[in-house]
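Remember, predicted model here, so these are calculated numbers, not experimental data. We number each residue from 1, following the sequence as shown.
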Amino acid sequence: MSSFLDKIDSPADLRRLARSDLRGLADELRACVIDNVSKTGGHLSSNLGTVELTVALHYVFNTPEDRIVWDVGHQTYPHKILTGRRSRMPTLRQLGGLSGFPKRDESPYDTFGTAHSSTSISAALGMAIAARQKGETRFAVAVIGDGAMTAGMVFEAMNNAGVEDCKLLVILNDNDMSISPPVGALNRYLAQLMSGRFYATAKNVGKNVLKAAPPLFELAKRFEEHAKGMVVPATLFEKFGFNYIGPIDGHDLESLIPTLENIKHLQGPQFLHVVTKKGQGYKLAEADPVAYHGPGKFDPAVGLVPPAVQSKTTFTQVFGQWLCDMAEHDNRLVGVTPAMREGSGMVEFHKRFPDRYYDVGIAEQHAVTFAAGLACEGLKPVVAIYSTFLQRGYDQLIHDVALQNLPVVFALDRAGLVGADGATHAGAYDIAFIRCIPNMALACPADERECRQLLSTAYAQNHPVAVRYPRGAGAGTEPLESLEGLPYGQAEIRRQGSGIAILAFGTLLYPALQAAEQLNATVVNMRWVKPLDTDVLLQIAQTHDYLVTVEEGAVMGGAGSAVSEALNAAGLTKSLLQLGLPDHFIDHGDPLKLLALQGLDAPGIEASIRHRWP
């Protein structure tokens with residue numbers, strides 16, 4: 001049994017420990033994270049990298065009175081363990097269990113719900129200013145990774161924060177670089193010195209004295225910037241109005257704690273740069289932090305074992321292979337991704353076509369407009385992006401791509417429910433938000449073969465087209481090797497029945513076919529939400545009494561709404577049942593179970609139809 005962790009039910013218990021005990025606590029906390037993630041799956045490398053930082057933050061700050069906002073939040077497992085949720089860690093990312101991200105209704109210590117990156121500084125600044133306005137003295141701390149710093153929203157927030165006198169601390173968790181010699185004893189001393197009140201007071205007194213002689217003040221200011229710049233990359237953040245401190249070793253509690261304690265006494269926005277290592281303390285994760293970023297279940301003593309044979313090709317793999325094949329065929333093709341190379345299946349493309357591969361960092365808005373610029377000059381950009389992340393580039397999708405009718409292909413991975421990542425990552429809204437944009441088209445392949453074919457169809461168009469497909473594998477249909485597409489905007493009748501017709505959009509075609517067997521219903525594989533195949537739709541509407549639409553997307557404004565609008569435009573009044581995702585957020589859990597709970601498996605579709613028309 002652990003000797004320290006068992007005593008911790010809240011950060012208040014942590015703060016009662018002697019500082020000399022914290023190293024032992026951190027070791028136990030790291031072991032607890034490894035043990036739990038090996039049983040449930042989840043994010044590992046990032047969590048192992050933030051153990052000491054988490055301990056230090058809760059030890060120094062009076063949480064939850066002092067607010068901590070974790071950017072993205074996939075590195076908060078140590079935080080969850082220290083804030084009273086250790087016993088529930090075996091339920092992590094399971095149906096009804098703990099979320100893999102901070103969640104306000106899960107704990108008062110989760111001060112802001114996160115899962116998309118680069119929001120922490122904006123949120124923490126809002127909290128800090130709210131505290132000032134209410135006359136409260138609490139701190140707001142934003143913990144942000146170096147990858148998230150690429151987003152424009154971060155710089156918007158820092159630009160705003162730099163002119164505000166509030167208790168805001170931004171901690172840059174820099175895990176992209178190794179802990180180099182400057183992050184050692186000398187730098188620890190410098191960080192503590194620069195975070196101390198004597199340094200801050202002397203600095204302010206010196207400024208006031210020298211302001212009387214502007215040339216001397218400017219000279220001193222430049223000297224300070226360049227002197228600090230010789231040992232730290234301070235200048236950029238100080239230009240935003242922050243007091244920069246660091247970099248310091250993010251695994252050294254003897255450096256972290258005194259520095260944080262000093263910062264608590266400083267005025268104005270502070271910026272602390274800590275350097276950590278992904279996978280810290282678990283050699284296998286240290287050696288391959290990408291593989292251990294989000295592993296499934298594994299034996300910690302053995303590590304990750306590659307599956308012997310992968311029975312089904314995933315949609316992501318289908319896209320990756322198509323991208324390489326089309327790039328071989330057409331040298332105008334360029335691939336764009338906002339920091340999702342592995343997740344979007346672009347590793348092989350990057351390897352084979354490095355001069356045509358562009359990872360723009362976590363900057364979805366820029367990715368969309370960058371693709372628009374490429375298209376303006378005659379290239380054929382393919383933007384590989386998760387459905388949930390395209391939401392972040394919506395203005396650019398409308399204003400920069402669709403309004404100018406530019407031929408950009410959007411490969412929307414993770415459409416529909418995504419399982420363990422939950423509501424923050426669900427691709428529930430793309431059908432509704434894309435189909436209302438003029439010039440845009442949207443395809444919904446039913447299986448792997450259609451995915452490849454519809455990508456080719458999309459690429460052949462001279463206007464923007466999105467192709468949406470889910471995470472994981474589908475029905476298992478083997479993609480063709482050719483680059484032939486399917487007819488643009490055309491549906492197909494997959495099963496002929498009578499009375500009832502089910503119009504299926506995307507991979508729910510297959511449960512719809514199963515339900516249709518029990519109902520003797522007609523099934524149409526619609527393939528396209530926009531343009532809708534109105535010829536087939538009207539033919540079906542005129543020969544069937546009841547129509548059902550099925551989609552793995554929000555019902556409100558979705559594909560079913562498109563069908564209803566088309567019927568109304570044609571002057572047809574039909575009894576229409578629209579099945580899809582309801583008007584509430586759906587939490588994490590097994591994707592098939594979640595679909596069943598929404599009535600979107602074969603028995604659920606059948607039951608909904610029988611209930612509507614007994």
Novice: Under the 3.5 angstrom rule, does the side chain of Thr111 hit a backbone N or O of Ile68 as a donor-acceptor pair?
Specialist: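 At least one qualifying donor-acceptor pair exists.
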Novice: Heavy-atom distance under 4.5 Å between the side chains of His58 and Thr83, does that happen here?
Specialist: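 They are in contact (side-chain heavy atoms under 4.5 Å apart), so the answer is yes.
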Novice: Evaluate the side-chain proximity of Leu272 to Ile263: yes if any heavy-atom separation is below 4.5 Å, no if none is.
Specialist: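 The answer is yes; the side chains approach within 4.5 Å.
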Novice: Thinking salt bridges, do Asp110 and Arg85 make one under a 4.0 Å N-O criterion?
Specialist: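 Salt bridge: yes.
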Novice: Can you tell me if His273 and Asp174 form a side-chain donor-acceptor pair at under 3.5 Å?
Specialist: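 There is such a pair between these side chains.
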Novice: Does this structure show an ion pair linking Asp587 with Lys103, if we count only N-O contacts that are shorter than 4.0 Å?
Specialist: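 Lys103 and Asp587: salt-bridged.
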Novice: Regarding Glu286 and Lys278, does a basic nitrogen lie under 4.0 Å from an acidic carboxylate oxygen?
Specialist: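 Salt bridge flag = no for Lys278 with Glu286.
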Novice: Establish, from distance only, whether the side-chain atoms of Asp413 and Ser344 form a donor-acceptor pair under 3.5 Å.
Specialist: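 On atom types as modelled, these side chains do not qualify, holding no pair under 3.5 Å.
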Novice: Assert yes or no for the condition that the ring centre distance of Phe389 to His425 is strictly below 6.0 Å.
Specialist: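 When the ring centroids of Phe389 and His425 are compared, they turn out to be within the sub-6.0 Å range.
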Novice: For a quick check under 3.5 Å, do His588 and Ser99 share a side-chain donor-acceptor pair by atom type?
Specialist: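 Looking only at side-chain atoms, Ser99 and His588 do not form any donor-acceptor pair under 3.5 Å.
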Novice: Taking NZ, NE, NH1 and NH2 as the nitrogens, is one of them in Glu254 or Arg23 under 4.0 Å from a carboxylate oxygen of the other?
Specialist: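 No, this pair does not count.
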Novice: Enumerate the side chain to side chain donor-acceptor pair (under 3.5 Å) contacts for residues 290-302, please, sequence neighbours excluded, ordered by first and then second residue.
Specialist: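 Non-adjacent pairs meeting side chain to side chain donor-acceptor pair (under 3.5 Å): zero.
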Novice: Please determine whether a side-chain nitrogen of the Lys or Arg among Asp165 and Arg132 lies less than 4.0 Å from a carboxylate oxygen of the Asp or Glu.
Specialist: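 Arg132 and Asp165: not salt-bridged.
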Novice: Ring centres of Tyr244 and Phe237 under 6.0 Å apart?
Specialist: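 Close enough - the centres of the two rings lie under 6.0 Å apart.
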Novice: Evaluate whether atom CZ of Arg15 has more than 12 neighbouring non-hydrogen atoms of other residues, nucleotides or ligands under 6.0 angstrom away.
Specialist: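 Above 12, so yes.
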